Amino acid sequence: MITDTFGRVHDYLRISLTDNCNLRCFYCMPEEKYAFAPAAKLMQVDEIETIAKLFVEHGVKKIRLTGGEPLVRKDAPKILKSLGKLDIELAITTNGIRVDEMLNELLEANIKAINISLDTLQPEKFLKITRRDLFHRVRNNINLLLKHNIRVKINVVVMKGLNDDEILDFIALTKHNNIEVRFIEFMPFSGNQWTSNQVFTLHEILVKVSSKYDVIPVEPEPNDTSSRYIIDGHIGSFAVISTMSQPFCDTCNRMRLTADGKLKNCLFSRDETDLLGALRNGQDILPLIEQTMKAKAKALGGQFSGVFENIDASKLENRSMITIGG
C-alpha cells in the first residue's frame, strides 16, 4: 500500500493522457494560442500501462483517465483497451464531445461511470465559457450514455455571477435521470484569473437548492471528496465538492500523474516527481512514488489553509489546470 506520513492510504490514481483539448474553457486553459506538449514528451501507451500496473501492484483500486480532453488522443482506444484489462475500477472524465465516436471502446473497457464536464445548460453561455459551439453535441452524448445504462456524473464548476443562477436547472436534471450533478467550488490555478469573490460555496449552494427542495444528506463513503445529497422523488442526486470552503483532505486517497509523467501528491502541490524520465532511464520508479507520497502535505499542498477569502492566488506555485489533469 502507498501511504503518507498522516496514515492516508492512496489507492486512487488519476492519469492525465494529454494537455490537449477541443474546448478552450477560460478557467482551465486561459490562452487560445496554448502551446501543447509535443507527443514525444507525453507518456506512450506502453509506458502508461507499465506505470499503471506498478501502482495496481501496490494497492491502487481505481484509475481515472483525465486531460485536457483524454479522448482527443489518437491512441486513446489502445489506452482504454490496455487499462481495461487491469483488475481495477476504470473511470474517465471527459467534456463529452467525442463520446459518440468512442462509445464502443468505452463499453469494451468496462467503464461503468463517466464524468462529463458541463458548466451551463444554456447554449449561448456554453459558447462563452468554452469558446466552442458544441453544447448540443455534449447534451446528446449525455443522453446516449444514459441509454446505455452508464452512470453519468455532471461536473459543474460554479462561479458567482456566471452560472450560479443555473443551479436549480441542473438539479431539475436529476428528477427523471440517473445523474449525479456535482457542483465544484471554483479553485485557483495558474492563469485562471481566480479571485475569492467568484467562489460560490457549499453553504450558498445548499441555500439555493433548499429554497425549492427538501435536501437530504447522504452518509459519506470512505474517501469521499464531496458532500452528497438526495431529493425525495428524484431518480438522480447531487453533490458539492467544497475544496475552498470545507476541504476534505483528511481522507484523501488520490495521486495524480500528469500527461508528461510527473507525479503530484496533491492537486495543489508545488513539487512533482518525474516518473517518466526515470522510467525511460531504466530506473526503479517505486522508491520515487513512495518518497513523493511520504512528502504529501496535510492539506491543500501546504500552500494555503484557513479562510479562502485571504488567499493571494498570485503567490501560489502550481501549473494550469489543463497541464495537471482534471
Side-chain angles (χ1 to χ4, degrees), residues 1-20 36-68 70 73 75-93 109-110 222-223 249 251-303 317-319 322-326:
M1 306 299 288
I2 301 171
T3 60
D4 64 13
T5 57
F6 301 96
R8 294 174 291 202
V9 175
H10 294 78
D11 57 7
Y12 180 10
L13 176 65
R14 300 172 69 95
I15 301 177
S16 175
L17 300 187
T18 178
D19 64 345
N20 204 337
F36 298 112
K41 289 190 175 182
L42 302 182
M43 295 182 291
Q44 303 304 300
V45 177
D46 60 326
E47 294 167 335
I48 293 171
E49 182 178 13
T50 297
I51 295 173
K53 283 183 176 178
L54 181 62
F55 275 98
V56 173
E57 288 168 4
H58 290 83
V60 164
K61 300 175 183 176
K62 179 177 180 178
I63 292 177
R64 176 175 295 279
L65 303 178
T66 69
R73 271 189 69 148
D75 54 6
K78 293 180 180 179
I79 296 169
L80 288 168
K81 184 175 182 179
S82 172
L83 299 186
K85 296 176 182 177
L86 300 179
D87 185 21
I88 54 164
E89 177 188 348
L90 183 62
I92 189 168
T93 296
N110 201 32
N223 310 117
C249 302
T251 59
C252 181
N253 66 335
R254 297 181 172 199
M255 301 172 283
R256 295 173 181 271
L257 189 61
T258 64
D260 56 352
K262 308 297 195 303
L263 180 64
K264 290 177 69 72
N265 58 26
C266 174
L267 181 60
F268 297 105
S269 62
R270 293 185 183 88
D271 300 324
E272 306 170 348
T273 301
D274 185 7
L275 297 189
L276 180 59
L279 181 71
R280 289 178 175 177
N281 288 330
Q283 291 179 242
D284 178 5
I285 63 172
L286 180 59
L288 297 178
I289 295 170
E290 293 174 333
Q291 292 165 15
T292 302
M293 300 316 299
K294 290 294 184 186
K296 185 170 183 171
K298 185 175 183 180
L300 299 167
Q303 295 223 59
E317 299 175 33
N318 206 356
R319 299 190 188 204
I322 196 167
T323 63
I324 297 172

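Positions are given from 1 along the sequence. This is a predicted model, so every value here is computed, not measured.
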Kindly indicate whether the side chain of [X], heavy atoms from C-beta on, has any atom under 4.5 Å from the side chain of [Y].
X      : Y      : value
Ile15  : Phe55  : no
Val56  : Asp87  : no
His58  : Ile289 : no
Thr273 : Gln291 : no
Val9   : Asn223 : no
Val60  : Met255 : yes

Rounded to the nearest 0.5 Å, what's the gap from [atom1] on [X] to [atom2] on [Y]? Could you check?
X      : Y      : atom1 : atom2 : value
Cys249 : Arg254 : SG    : CZ    : 11.0 Å
Ile324 : Leu257 : CD1   : CG    : 13.0 Å
Leu263 : Ile51  : CG    : CD1   : 9.5 Å
Ile88  : Leu13  : CD1   : CG    : 8.5 Å
Leu288 : Asp274 : CG    : CG    : 9.0 Å
Asp260 : Leu276 : CG    : CG    : 7.5 Å

Ignoring hydrogens and geometry, is there a side-chain-to-backbone donor-acceptor pair from [X] to [Y] under 3.5 Å?
X      : Y      : answer
Asn265 : Thr292 : yes
Arg73  : Thr18  : no
Asp11  : Lys61  : no

Practice prompt. Not counting sequence neighbours, list each pair that qualifies as a side-chain hydrogen bond (donor to acceptor under 3.5 Å, both in side chains) and has a residue in residues 38-49.
Written response: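 Only Glu47-Arg280, Glu49-Lys53, Glu49-Ser82 qualify under side-chain hydrogen bond (donor to acceptor under 3.5 Å, both in side chains).
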Worksheet item: What heavy-atom pair brings Pro70 and Ala76 nearest, and what distance separates the two atoms?
Response: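 Smallest heavy-atom distance, with atoms named: O-CB, 3.8 Å.
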Discussion item. For Ser269 versus Cys266, what's the shortest heavy-atom pair and its separation?
Written reply: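 That closest heavy-atom pairing would be OG-O, 2.9 Å.
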Fill in: For Thr50, all residues meeting side-chain hydrogen bond (donor to acceptor under 3.5 Å, both in side chains), sequence neighbours excluded
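Scan of Thr50 (side-chain hydrogen bond (donor to acceptor under 3.5 Å, both in side chains), adjacent residues dropped) gives none.
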Residues forming a side-chain contact (heavy atoms from CB on, under 4.5 Å) with [X], sequence neighbours excluded:
X      : result
Ala39  : none
Glu290 : Leu286
Asp271 : none
Asp4   : Phe6, Arg8, His10, Lys296

Practice prompt. Take Thr3 and Lys294 through the test side-chain hydrogen bond (donor to acceptor under 3.5 Å, both in side chains) and record every step on the way to the result.
Written response: CA-CA 7 Å; Thr3 60; Lys294 290 294 184 186; 3.2 Å; yes
Item to complete: Kindly indicate, with the supporting measurements, whether the criterion side-chain contact (heavy atoms from CB on, under 4.5 Å) is fulfilled by Leu17 and Asp75.
Response: CA-CA 10 Å; Leu17 300 187; Asp75 54 6; over 6 Å; no
Fill in: Lys62 atom NZ: more than 12 heavy-atom contacts under 6.0 Å
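Correct, the count exceeds 12.
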